[in-house]
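Below is one structure. I have some questions about it.
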There are 2 protein chains.
Amino acid sequence: MAHDHTLCPRFENAFNLLGKRWNGLIIRVLMNGPQRFKEISDLIPGMSDRMLAERFKELEAAGILIRRVYPETPVRIEYELTEKGHALEPIMDAVQTWAEKWVE
Amino acid sequence: MAHDHTLCPRFENAFNLLGKRWNGLIIRVLMNGPQRFKEISDLIPGMSDRMLAERFKELEAAGILIRRVYPETPVRIEYELTEKGHALEPIMDAVQTWAEKWVE
DNA sequence: GTTCGTGACTTACTTTTAGTTAGTCACTAA
DNA sequence: TTAGTGACTAACTAAAAGTAAGTCACGAAC
């Protein structure tokens with residue numbers, strides 16, 4: 001057998017996150033700073049609230065974002081990228097660059 | 001209503017591709033040059049042949065790769081990135097960099 | 001003081017997508 | 001003649017996503 005350019009397991013793991021529907025868009029939207037549930041929902045056309053709630057839980061568990069509760073009246077809840085989440089910015093930028101050149 | 005940082009439709013479109021399971025890994029593997037069905041299949045653990053065949057069709061339709069048939073005996077079929085596909089390299093590199101720093 | 005609206009979800013149900021197993025077809029080697 | 005390989009395809013089941021409606025706490029409007 002020849003040499004195998006086997007996949008890096010960290011790379012695979014990264015694409016388990018990014019390669020899941022909506023995650024890229026959610027992260028992209030949060031790059032503009034913390035936002036509330038409804039704001040994000042409004043910015044991503046086609047995504048249902050159910051999906052957004054589900055993704056938030058996964059992304060929080062993965063350490064990409066945090067959920068902050070401000071106990072005002074009415075209560076305000078914001079979602080914000082962690083350092084790990086912000087570190088995805090170069091990826092988002094690269095996608096944007098590619099998309100501008102090659103999409104449509 | 002405040003300003004809306006609405007999503008760029010090209011970006012959205014790009015993530016329709018990258019945000020689909022297996023696509024990132026398939027593209028990553030093809031960055032190392034043209035490869036055959038079975039080689040790619042062997043390099044991506046957990047992905048079935050059915051999925052690979054389906055993804056190839058989609059990625060070919062999206063202009064990311066081409067299917068080349070070499071009429072030898074036995075016939076040899078290779079999948080190769082197009083220019084558009086190769087242009088995804090900075091994204092793959094950015095994912096790799098992020099993964100090395102933040103995954104596991 | 002009851003309905004109306006908003007924000008952040010949850011539940012129940014349907015459809016779509018993915019995973020699993022087996023099969024096909026054209027060869028070639030034993 | 002049988003077994004194996006490469007590149008798929010078909011049939012079926014399981015998991016994920018989509019859709020619609022509901023909940024709960026509140027505050028404002030009629």
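Just so it is clear: chains get the letters A, B, ... in the order the sequence lines come, proteins before strands, and each one is counted from 1. Computed over heavy atoms, backbone and side chain alike; hydrogens, waters and symmetry mates excluded.
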* How close or far is atom P of dC25(C) from atom CD1 of Ile77(B), stated in whole angstroms? -> 16 Å
* **Closest non-hydrogen atom pair between Arg55(B) and Ile26(B), with its separation** => CB-CD1, 3.5 Å
Expected list for residues 14-24 of chain A: side-chain donor-acceptor pairs under 3.5 angstrom, two or more places apart:
unit_1, atom_1, unit_2, atom_2, d
Asn23(A), ND2, Leu17(A), O, 2.9

* Backbone N or O of Gly33(A) within a donor-acceptor pair of the Gln35(A) side chain at under 3.5 Å? -> yes
* **Close approaches to DNA chain C from residues 60-76 of chain A, in residue order (heavy atom, under 4.0 Å)** => Arg67(A)
N/O contacts under 3.5 Å, protein versus nucleotides 18-20 of chain C?
unit_1, atom_1, unit_2, atom_2, d
dA18(C), OP1, Arg55(B), NH2, 2.5
dA18(C), OP2, Arg55(B), NH1, 3.3
dA18(C), OP2, Arg55(B), NH2, 3.3
dA18(C), N7, Arg50(B), NH2, 3.2
dG19(C), OP1, Arg21(B), NH1, 2.4
dG19(C), OP2, Trp22(B), NE1, 2.9
dG19(C), N7, Arg50(B), NE, 3.3
dG19(C), N7, Arg50(B), NH2, 3.0
dG19(C), O6, Arg50(B), NE, 3.2
dG19(C), O6, Arg50(B), NH2, 3.4
dT20(C), O4, Arg50(B), NE, 3.0

* With a non-hydrogen cut-off below 4.0 angstrom, is Phe56(B) in contact with a base, only sugar-phosphate, or nothing? -> nothing
* CZ of Arg36(A) versus P of dG7(C): gap in Å, rounded? -> 7 Å
* **Contacts of type salt bridge (charged side-chain N to carboxylate O under 4.0 Å, His left out), residue Asp42(B), not counting sequence neighbours** => Lys38(B)
* When rounded to the nearest 0.5 angstrom, what distance separates CD1 in Ile27(A) from CG in Leu88(A)? -> 5.0 Å
* Asked: Atom CG of Leu52(A) and atom P of dC9(C): how far apart are they, to the nearest Å?
  -> 8 Å
* Partners of Arg50(B) by side chain to side chain contact (heavy atoms under 4.5 Å, CB included), sequence neighbours excluded? -> Ser48(B), Glu54(B)
* To do: Measure across Val29(A) and Ile44(A) and return the closest heavy-atom pair with its distance rounded to 0.1 Å.
  => CG2-CG1, 4.1 Å
Would you give me the side-chain donor-acceptor pairs under 3.5 Å for residues 69-85 of chain A, sequence neighbours excluded?
unit_1, atom_1, unit_2, atom_2, d
Glu72(A), OE1, Arg76(A), NE, 3.3
Glu72(A), OE2, Arg76(A), NE, 3.4
Glu72(A), OE2, Arg76(A), NH2, 2.7
Arg76(A), NH1, Glu78(A), OE2, 3.0
Tyr79(A), OH, Arg67(A), NE, 3.3
Glu80(A), OE1, Arg68(A), NE, 2.7
Thr82(A), OG1, Gly63(A), O, 2.6
Thr82(A), OG1, Ile64(A), O, 3.1
Thr82(A), OG1, Lys84(A), N, 3.4
Thr82(A), OG1, Gly85(A), N, 3.1
Lys84(A), NZ, Ala62(A), O, 2.9

* Asked: chain B on DNA chain D: first and last contacting nucleotide, 5' to 3', under 4.0 Å to a heavy atom?
  -> dG6(D) to dA11(D)
* Please identify each residue that fulfils side-chain hydrogen bond (donor to acceptor under 3.5 Å, both in side chains) with Glu100(B), with sequence neighbours left out. => Gln96(B)
* To do: Indicate yes or no for a side-chain donor-acceptor contact from Glu39(A) to the backbone of Arg36(A) under 3.5 Å, with no hydrogens or angles considered.
  => yes
* To do: With sequence neighbours excluded, tell me which residues meet side chain to side chain contact (heavy atoms under 4.5 Å, CB included) with Asp49(B).
  => Phe37(B), Ser41(B)
* Quick one: Lys38(A) NZ to dG7(C) P, roughly how many Å, whole number? -> 5 Å
